[in-house]
*Asks:* 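One structure coming up, written as structure tokens, with questions to follow.
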Amino acid sequence: MPLLYLAKVNLNSCIFDVYSKKLRIEDVCKQIYEKLTNETSYFDNEQKKYVDIYGNHTYYLRESRYSFQEIIKENNVVTGKLVKTFRKPTESLDEITKKMVTIYNEESVSIYFYYDVFRELIAFCERQSFGYNQFSKAFAHMLSRTVPEYEFEIFLQKDRNLLEEKLSSLKSVQKIKAKLIPPNSNEDDIQELREESDYITQCEDLNAYKLNVEYTSDNMNMDAKVMRDIKLAVSKGYGDLTATGKNINGRIVTINSSQEAAFTNNIRENLGQKDFNEESKNLIDRFLNNIINRRKV
């Protein structure tokens, strides 16, 4: 069954202007909603592995072009397709020399998305050759092209309970790597993070809108306050973490929060656009209701 992901759109640059009331995230969202069109594009290069005719593993530089297509705007929601176009090596018979030669074919793959602009959430499904990491990175760059005075970061939303469960399955943890950004959210959410976490103050003191941390230990204290800070931020869509440790069998295991604890939903196959939009809306509503219910506890 298709897996429906949920991603959090975060304003990264100028976030401290939001904290000081010089800028409203709502105004940034309004600009996105008004300016996002099919005209936007973004190019990216990456090294890709390729097995040649002799079985050798080699690499080639793949250039990909991303573009928005079939954009529809209604009730503060943008739907459409993020299209990835790229060249891929394959073999062809040269009719003159009668030899097999390597050629590059252009291919395209698209991901349909449901973007609730003012709630800063995107629902989508992965495609072959177009995973959630590429989608999130490309979409963030596309938003920066749409409103070039700002930069954005997009992370998958995490299931907080599932994240804790996965990390608790490790008998001991030897390494933690995390990428965090200052939160983009309503006042209640930011206040909760300020009360429970120190990393926002660290970012403000440094005037840093991105924080990469790495900790190494023989046996990490996963209940330490700094770890609680990281897990809270990651669970709210403001970062990602990777934990490497040993399970109960003594085997080395790596847990990535996006791979292991993404907030997802299995949806039916062969959905049309209307039903996909409804499933996306329901997933967003369920996620936000979970946040509200946690605050009531």
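For the numbers below, each heavy atom of this structure counts, side chains included, while hydrogens, waters and symmetry mates do not.
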*Asks:* If we only count heavy atoms from C-beta on, is the I154 to F135 side-chain gap below 4.5 Å?
*Replies:* no
*Asks:* Has S13 got a side-chain atom pairing as donor or acceptor with E151's backbone, closer than 3.5 angstrom?
*Replies:* yes
*Asks:* I want to check something: taking the side chain as every heavy atom from C-beta on, are N266 and L3 in contact at a cut-off of under 4.5 Å?
*Replies:* yes
*Asks:* Answer yes or no: is there a donor N or O on one side and an acceptor on the other, between the side chain of N221 and the main chain of D223, under 3.5 Å?
*Replies:* yes
*Asks:* How many angstroms lie between atom OG1 of T254 and atom CD of E260, to the nearest 0.5 angstrom?
*Replies:* 9.5 Å
*Asks:* Taking atom CZ of R24 and atom CG of D17, what is their separation to the nearest 0.5 Å?
*Replies:*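 The CG atom of D17 is 14.5 Å from CZ of R24, to the nearest 0.5 Å.
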*Asks:* Any pair with a residue in residues 69-84 that passes salt bridge (Lys or Arg N to Asp or Glu O under 4.0 Å), sequence neighbours left out, goes on the list, sorted by first then second residue, please.
*Replies:* E70-K81
*Asks:* Could you check whether any side-chain heavy atom of V173 comes within less than 4.5 Å of a side-chain heavy atom of M227, counting everything from C-beta outward?
*Replies:* no
*Asks:* Count the heavy atoms of every other residue, nucleotide or ligand shown that sit under 6.0 Å from OH of Y209, and state whether that count exceeds 12.
*Replies:*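 Not more than 12 within 6.0 Å, no.
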*Asks:* Which of parallel (below 30°), tilted (30 to 60°) and perpendicular (above 60°) describes F263 and F287?
*Replies:*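 Geometry flag for F287 against F263: perpendicular rings.
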*Asks:* Using the rule that two of Ile, Leu, Val, Met, Phe, Trp, Tyr join whenever any of their side-chain heavy atoms come within less than 4.5 Å, decide whether M222 and L162 are in one cluster.
*Replies:*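 No, M222 and L162 fall in different hydrophobic clusters.
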*Asks:* Are L23 and L11 side-chain neighbours, meaning at least one heavy-atom pair lies under 4.5 Å?
*Replies:*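 SC-SC contact between L23 and L11 confirmed.
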*Asks:* Contact between R119 and D285 at the side-chain level, heavy atoms closer than 4.5 Å - yes or no?
*Replies:*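 With C-beta onward as the side chain, the pair touches.
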*Asks:* Look up atom OG1 in T242 and atom CD in E214, then write down how far apart they are to the nearest 0.5 Å.
*Replies:*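 Going from OG1 on T242 over to CD on E214, the span is 10.0 Å.
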*Asks:* State, to 0.1 Å, how close I32 and T146 come at their nearest heavy-atom pair, and which atoms those are.
*Replies:*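 It is O-CG2, 4.3 Å.
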*Asks:* So which heavy atom on F118 is nearest to which on N76, and how close?
*Replies:*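 Closest approach of F118 to N76, heavy atoms only: CE1-OD1, 3.4 Å.
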*Asks:* Sort out for me which residue in I111, L271, I267 forms a side-chain contact (heavy atoms from CB on, under 4.5 Å) with C125.
*Replies:* I267
*Asks:* Where the side chain of D116 meets the backbone of K281, is there a donor-acceptor pair that is under 3.5 Å apart?
*Replies:* no
*Asks:* Would you say Q174's side chain and D218's backbone share a donor-acceptor pair under 3.5 angstrom?
*Replies:* yes
*Asks:* Is the CD1 atom of I248 crowded by more than 12 outside heavy atoms at less than 6.0 Å?
*Replies:* no
*Asks:* Drop me the distance from E34's CD to C29's SG, to the nearest 0.5 angstrom.
*Replies:*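 Atom-to-atom, E34:CD and C29:SG are 11.5 Å apart.
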*Asks:* How close do S110 and V83 get, counting heavy atoms only, and between which atoms?
*Replies:*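 Heavy atoms only, the tightest pair is CB-CG2, 3.8 Å.
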*Asks:* Ignoring hydrogens and angles, tell me if any N or O in the side chain of N10 forms a donor-acceptor pair with the backbone of I15 under 3.5 Å.
*Replies:* no
*Asks:* Should E63 and R87 count as an ion pair when the cut-off is N to O under 4.0 Å?
*Replies:*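 Judged by the 4.0 Å cut-off on N to carboxylate O distance, E63 and R87 do not form a salt bridge.
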*Asks:* Between the side chains of S108 and E106, does any donor sit under 3.5 Å from an acceptor?
*Replies:* no
*Asks:* Could you check whether any side-chain N or O of Q157 sits under 3.5 Å from a backbone N or O of K8, counting only pairs where one atom can act as donor and the other as acceptor?
*Replies:* no
*Asks:* With distance as the sole test, does N56 use its side chain to make a donor-acceptor pair with the main-chain N or O of T58 at under 3.5 Å?
*Replies:* no
*Asks:* Could you tell me whether the side chain of K246 reaches within less than 4.5 Å of the side chain of I252, counting heavy atoms only?
*Replies:*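 Sidechains of K246 and I252: in contact.
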*Asks:* Provide the closest heavy-atom pair for P183 versus Y238 in the form atom of the first, atom of the second, distance.
*Replies:* CB-CE1, 3.5 Å
*Asks:* Taking only residues at least two apart or on different chains, which pairs with a member in residues 68-90 satisfy ring pair (Phe, Tyr, Trp, His ring centres under 6.0 Å)?
*Replies:*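 Non-adjacent pairs meeting ring pair (Phe, Tyr, Trp, His ring centres under 6.0 Å): F68-F113, F68-F139.
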*Asks:* Between atom CZ of R160 and atom CG of L232, what is the distance when rounded to the nearest 0.5 Å?
*Replies:*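 Going from CZ on R160 over to CG on L232, the span is 5.0 Å.
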*Asks:* What's the verdict on side-chain contact (heavy atoms from CB on, under 4.5 Å) for N282 and N265, showing C-alpha distance, side-chain angles and the deciding distance?
*Replies:* CA-CA 10 Å; N282 290 340; N265 187 40; over 6 Å; no
*Asks:* Mind running side-chain contact (heavy atoms from CB on, under 4.5 Å) on K171 and N247 for me, showing each step along the way?
*Replies:* CA-CA 5 Å; K171 185 177 181 181; N247 61 16; over 6 Å; no
*Asks:* Which of these, F124, F155, Y5, sits in a ring-ring contact (aromatic ring centres under 6.0 Å, His included) with Y132?
*Replies:* Y5
*Asks:* Apply the test side-chain contact (heavy atoms from CB on, under 4.5 Å) to residues V213 and V226: give CA-CA distance (whole Å), side-chain angles for both, the deciding distance (0.1 Å), then the verdict.
*Replies:* CA-CA 11 Å; V213 296; V226 64; over 6 Å; no
*Asks:* How many angstroms lie between atom CD1 of I230 and atom CG of L180, to the nearest 0.5 angstrom?
*Replies:*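 Reported to 0.5 Å precision, the distance equals 6.0 Å.
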*Asks:* Specify the closest pair of heavy atoms between V9 and I122, including all atoms of both residues, with the distance to one decimal.
*Replies:* CG2-CD1, 3.5 Å
*Asks:* Y114 versus E278: any side-chain heavy-atom pair under 4.5 Å?
*Replies:*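 The answer is no, as the side chains (C-beta and beyond) never meet within the 4.5 Å cut-off.
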*Asks:* Do F16 and C203 come within less than 4.5 Å of each other through their side chains, counting heavy atoms only?
*Replies:* yes
*Asks:* Are there over 12 heavy-atom neighbours, none belonging to K88, within less than 6.0 Å of that residue's NZ?
*Replies:* no
*Asks:* Using the rule that two of Ile, Leu, Val, Met, Phe, Trp, Tyr join whenever any of their side-chain heavy atoms come within less than 4.5 Å, decide whether V109 and F43 are in one cluster.
*Replies:* no
*Asks:* Sequence neighbours left out, what pairs pass salt bridge (Lys or Arg N to Asp or Glu O under 4.0 Å) with at least one residue falling in residues 133-146?
*Replies:* D44-K137
*Asks:* Could you tell me whether the side chain of S169 and the main chain of K166 form a donor-acceptor pair under 3.5 Å?
*Replies:*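 A pair under 3.5 Å: yes.
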*Asks:* Got a donor-acceptor contact below 3.5 angstrom from the N249 side chain to the R251 backbone?
*Replies:*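 Flag not set: sc N249 to bb R251 has no pair under 3.5 Å.
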*Asks:* What are the two closest non-hydrogen atoms of I71 and T37, and how far apart are they?
*Replies:*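 Between these two residues, the closest heavy atoms are CG1-C, 4.2 Å.
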*Asks:* Verify side-chain contact (heavy atoms from CB on, under 4.5 Å) between L36 and L143, making sure each step is shown before the conclusion.
*Replies:* CA-CA 8 Å; L36 195 151; L143 292 182; 4.0 Å; yes
